[in-house]
Each structure stands twice: as structure tokens, then as C-alpha cells.
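Index from 1, following the sequence.
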Amino acid sequence: MQNIQDEICTGLEQLDGEARFQQDYWEREEGGVGRTRVIREGRVFEQGGVNFSAVWGKSLPPAILAQRPEAAGHDFFATGTSMVLHPRNPYVPTVHLNYRYFEAGPIWWFGGGADLTPYYTFKEDAVHFHQTLKNACDVHHAEYYPTFKRWCDEYFYLQHRQEQRGIGGIFFDYQDASSQLYVGCQVDTPAAIYSQKVGNVERNWEDIFAFVQSCGQAFLPAYVPIVERRQQTEYGDRQRHFQLYRRGRYVEFNLVYDRGTVFGLQTKGRTESILMSLPPLARWEYCYEPEAGSPEAELTEVFLQPRDWV
């Protein structure tokens with residue numbers, strides 16, 4: 001997990017060309033350490049963070065025990081790397097990544113994923129992002145991408161808005177030695193139905209760890225070419241205002257639904273590190289409706305609708 005953080009930070013500093021990550025090393029009173037790295041006021045990135053943490057304690061929080069009750073009564077260990085980047089240019093999409101590992105007595109599992117949140121529509125960017133993640137998945141199992149892509153569409157959804165957060169990517173959780181690929185509360189979603197058809201997938205710890213490593217290493221090839229294509233695109237107040245408005249949706253998701261945020265707060269993690277995923281600026285407008293037929297309207301009405309990008 002630390003290697004993923006190091007590789008990504010090095011690549012992002014090279015991409016930005018001006019700003020550098022500031023690192024804060026912290027310790028958790030209940031048990032744990034972390035490295036928070038934040039980049040601000042760069043040429044490309046208005047603000048972003050890449051976190052590493054390793055925490056341990058007597059009991060997992062309620063949000064996890066509700067899904068894995070067999071972990072109750074065991075000491076736990078959890079480690080992971082998480083990242084959110086908020087670019088300055090509205091034509092460059094926001095991006096998120098998180099890969100994590102949990103142990104509780106004899107129980108262990110991996111989780112994580114990566115997803116893209118554009119403000120303006122570029123099909124080639126969506127195709128490239130998904131294809132790169134699919135390539136990383138396919139090395140390990142042919143059913144990883146089709147299952148985890150569907151799960152990502154399901155997870156990054158603002159139920160109170162009835163709206164996708166972005167164009168997705170991959171998302172998975174509770175991956176262990178012998179289980180179905182989709183491990184969720186619902187049984188009738190596209191991800192659940194697809195996983196049921198696949199059935200149980202036998203793997204060992206090393207298999208899933210190698211898969212997570214591949215996913216982490218796929219991030220820079222998936223994202224950097226998109227930034228390079230869009231970073232010089234001219235924009236004005238209209239595009240900037242729309243970007244800030246859509247960032248508001250990002251804030252809503254992270255504070256209401258995001259599992260990493262809930263886990264961090266319930267385990268009394270470092271608040272500044274947990275909330276580094278929030279943008280430096282955002283806006284809300286009462287009953288906002290984009291102009292019919294505009295690029296802004298196309299984003300939510302067409303582009304954000306789940307589809308098979310590859």
C-alpha cells in the first residue's frame with residue numbers, strides 16, 4: 001500500500017510540474033499510523049491528496065460488522081491507500097482511487113477500486129479509463145472487470161439525487177479466498193445478478209493481493225493521458241461555475257455514502273486525512289437546471305448513464 005502511494009505521488013508531481021506533495025505523518029491514539037500527502041495550488045491540481053494508513057484495534061466499527069458479523073469479537077488490522085484529485089481545469093475530470101486490506105482474527109478480505117468523475121463529456125477519455133482498468137483486471141480473472149464495473153455503477157450512485165456520481169470504473173469489497181465476486185446487501189442489481197451467474201470463485205490471499213497491486217499500478221496509465229489531452233483546454237466562468245456545482249455532488253456522496261469516510265470517522269481516525277477528499281471549493285444552487293441541449297445538460301442526461309464503455 002505504501003508503494004502504491006509512492007508511485008502515484010511521484011507520477012502526479014511529474015504531471016503537475018509545479019506543485020509538490022506536503023506530507024504529514026500521524027499516529028492514531030487507539031493504534032495506527034499514517035502518511036497523508038496533499039498537493040495544492042498546482043498547475044494541474046487545485047487540490048488533492050494521496051493517503052496511506054495502517055490502523056488496528058479491539059473491534060471493527062458497526063458499518064463493517066453489519067456486513068461481516070463473523071468478524072465481531074476479534075482484534076482488527078486495516079491498511080490501505082486512498083486518493084482524490086480535484087483538477088483546476090473543468091475539462092480535466094476528478095478522479096478517485098482506494099485499495100485496502102482488512103484482518104480480524106482468522107478473517108481477511110481486500111477491497112477498493114477507482115472511478116472517474118468528469119464535468120464535460122469526452123467519450124475517448126471514458127473508453128481509455130475503462131479499457132486500462134479492464135486490462136489490469138483481465139490479467140487475473142476474466143470476470144473481474146464485468147462484475148466490478150457493474151458494482152462500481154451501483155456503488156457510486158447518489159440515491160437522494162437519483163444520479164450517478166461519475167462514469168464509474170471498478171469497485172469491489174470483501175474479496176476473500178472463497179466467495180462470489182459481488183458481496184453486497186442487494187440480490188437484484190446488475191452486479192449481483194451477473195455475479196450469481198459466475199458463481200463462487202476460488203482464490204488465495206496471494207491471488208487477490210497480486211490483483212490489487214495490478215489495479216494500483218494501472219492508475220497512472222489510466223488517468224495521466226486524459227489529463228495531458230485536456231489540461232490546456234480554454235475555459236471561462238460558465239465552465240468553472242458548473243465544475244463547482246458538480247463538485248457539490250462529490251461532497252454529498254463522500255459525506256453521506258462513502259465507506260472510507262464512514263470507517264475513518266467511526267474508528268476515530270485523523271479527521272483532516274479522512275476529509276482531504278473534499279474539494280477546496282464547491283457550490284450549491286437551489287433547483288438548478290442546465291440549459292436544454294447544453295454540454296452541461298448532456299453530462300447528466302446522457303453521459304453519466306451507466307453503459308458498457310469497452
Carefully, step by step, assess R249 and Y245 under the rule side-chain hydrogen bond (donor to acceptor under 3.5 Å, both in side chains). CA-CA 7 Å; R249 295 292 203 267; Y245 168 73; 3.1 Å; yes
Locate the shortest heavy-atom distance separating [X] from [Y]; write the atom from each residue and the value.
| X | Y | result |
| --- | --- | --- |
| D258 | G260 | OD2-N, 3.1 Å |
| L60 | I64 | CD1-CG2, 4.0 Å |
| H128 | P225 | NE2-CG, 3.6 Å |
| A19 | D16 | N-OD1, 2.9 Å |
| G11 | L220 | CA-CD1, 4.0 Å |
| A54 | F77 | CB-CE1, 4.1 Å |

When clusters are formed by joining ILVMFWY residues with side-chain heavy atoms under 4.5 Å apart, either directly or through shared neighbours, do [X] and [Y] land in the same one?
| X | Y | result |
| --- | --- | --- |
| V183 | V198 | yes |
| W108 | F209 | yes |
| F148 | Y174 | yes |
| V92 | L278 | no |
| V127 | F303 | yes |

In the structure I gave you, are the side-chain heavy atoms of [X] and [Y] within less than 4.5 Å of one another anywhere?
| X | Y | value |
| --- | --- | --- |
| S82 | M276 | yes |
| Q47 | P279 | no |
| F21 | V50 | yes |
| L158 | V256 | no |
| F45 | R40 | no |
| C215 | L133 | no |
| Y119 | Q239 | no |
| E124 | R229 | yes |

What orientation do [X] and [Y] show, parallel under 30°, tilted 30 to 60°, or perpendicular over 60°?
| X | Y | result |
| --- | --- | --- |
| Y288 | F242 | tilted |
| F172 | F211 | tilted |
| Y120 | Y91 | tilted |

Looking at the rings of [X] and [Y], which for Trp means the six-membered one, are their centres under 6.0 Å apart?
| X | Y | result |
| --- | --- | --- |
| Y101 | F110 | yes |
| Y250 | W284 | no |
| W151 | Y155 | no |
| F52 | Y99 | no |
| F156 | F253 | yes |

More than 12 non-hydrogen atoms from neighbouring residues, nucleotides or ligands closer than 6.0 Å to CD on E285, yes or no?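 Result for CD/E285: enclosed.
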So does E234 have more than 12 non-hydrogen atoms from other groups sitting under 6.0 Å from CD?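 Open: at most 12 neighbouring heavy atoms sit under 6.0 Å from CD of E234.
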Just grab all the salt bridge (charged side-chain N to carboxylate O under 4.0 Å, His left out) pairs involving residues 300-310, residues at least two apart or on different chains.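 The answer is none; no pair qualifies.
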Hey, could you give me each pair passing salt bridge (charged side-chain N to carboxylate O under 4.0 Å, His left out) that has a residue in residues 106-123? Not counting sequence neighbours.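 Residue pairs passing salt bridge (charged side-chain N to carboxylate O under 4.0 Å, His left out), neighbours aside: D115-R165.
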Any carboxylate oxygen within less than 4.0 angstrom of a Lys/Arg side-chain nitrogen, looking at [X] and [Y]?
| X | Y | value |
| --- | --- | --- |
| R37 | E13 | no |
| R238 | E296 | yes |
| E46 | R240 | yes |
| R246 | E163 | yes |
| R270 | E272 | no |

Rounded to the nearest 0.5 Å, what separates atom [atom1] in [X] from atom [atom2] in [Y]?
| X | Y | atom1 | atom2 | result |
| --- | --- | --- | --- | --- |
| Y194 | K149 | OH | NZ | 12.0 Å |
| R283 | Q243 | CZ | CD | 11.0 Å |
| Q266 | L65 | CD | CG | 9.5 Å |
| I4 | T81 | CD1 | OG1 | 5.5 Å |
| I208 | H141 | CD1 | NE2 | 10.5 Å |
| F263 | S53 | CZ | OG | 7.5 Å |

Would you tell me whether Q131 and N135 have side-chain atoms, one donor and one acceptor, within less than 3.5 Å of each other?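 Yes.
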[X] side chain to [Y] backbone, donor-acceptor under 3.5 Å:
| X | Y | result |
| --- | --- | --- |
| S195 | A191 | no |
| E18 | E41 | no |
| T261 | Y257 | no |

All salt bridge (Lys or Arg N to Asp or Glu O under 4.0 Å) counterparts of E154, not counting sequence neighbours: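 Once residues adjacent in sequence are excluded, E154 has no partner under the salt bridge (Lys or Arg N to Asp or Glu O under 4.0 Å) criterion.
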Should L12 and L85 be marked as a side-chain contact (heavy atoms from CB on, under 4.5 Å) after you check the CA-CA gap, both sets of side-chain angles, and the distance that decides it? CA-CA 10 Å; L12 294 176; L85 300 172; 3.5 Å; yes
Does the pair D75 and W56 meet the rule for a side-chain contact (heavy atoms from CB on, under 4.5 Å), with working shown? CA-CA 7 Å; D75 292 353; W56 49 87; over 6 Å; no
With S277 as reference, evaluate N51, V84, N98, V251 under the side-chain contact (heavy atoms from CB on, under 4.5 Å) test and give the passing residue.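 Only match with S277 under side-chain contact (heavy atoms from CB on, under 4.5 Å): V84.
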Check the pair R43 / Q231 against side-chain hydrogen bond (donor to acceptor under 3.5 Å, both in side chains), numbers first and verdict last. CA-CA 9 Å; R43 182 185 65 86; Q231 61 184 340; 3.0 Å; yes
Relative to F122, does R230 satisfy both conditions: NZ or CZ under 6.0 angstrom from the six-membered ring centre, and within 45 degrees of the ring's axis?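 Because its charged atom sits under 6.0 Å from the ring centre and within 45° of the axis, R230 does stack over F122.
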Sort out for me which residue in R68, Q67, R259 forms a side-chain hydrogen bond (donor to acceptor under 3.5 Å, both in side chains) with D173.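 Checked R68, Q67, R259 against D173; only one passes side-chain hydrogen bond (donor to acceptor under 3.5 Å, both in side chains): R259.
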List the steps, then state whether side-chain contact (heavy atoms from CB on, under 4.5 Å) holds for E202 with D207. CA-CA 10 Å; E202 299 291 333; D207 293 335; over 6 Å; no
Test side-chain hydrogen bond (donor to acceptor under 3.5 Å, both in side chains) applied to H160 and E252, step by step: CA-CA 10 Å; H160 63 287; E252 291 176 21; 2.7 Å; yes
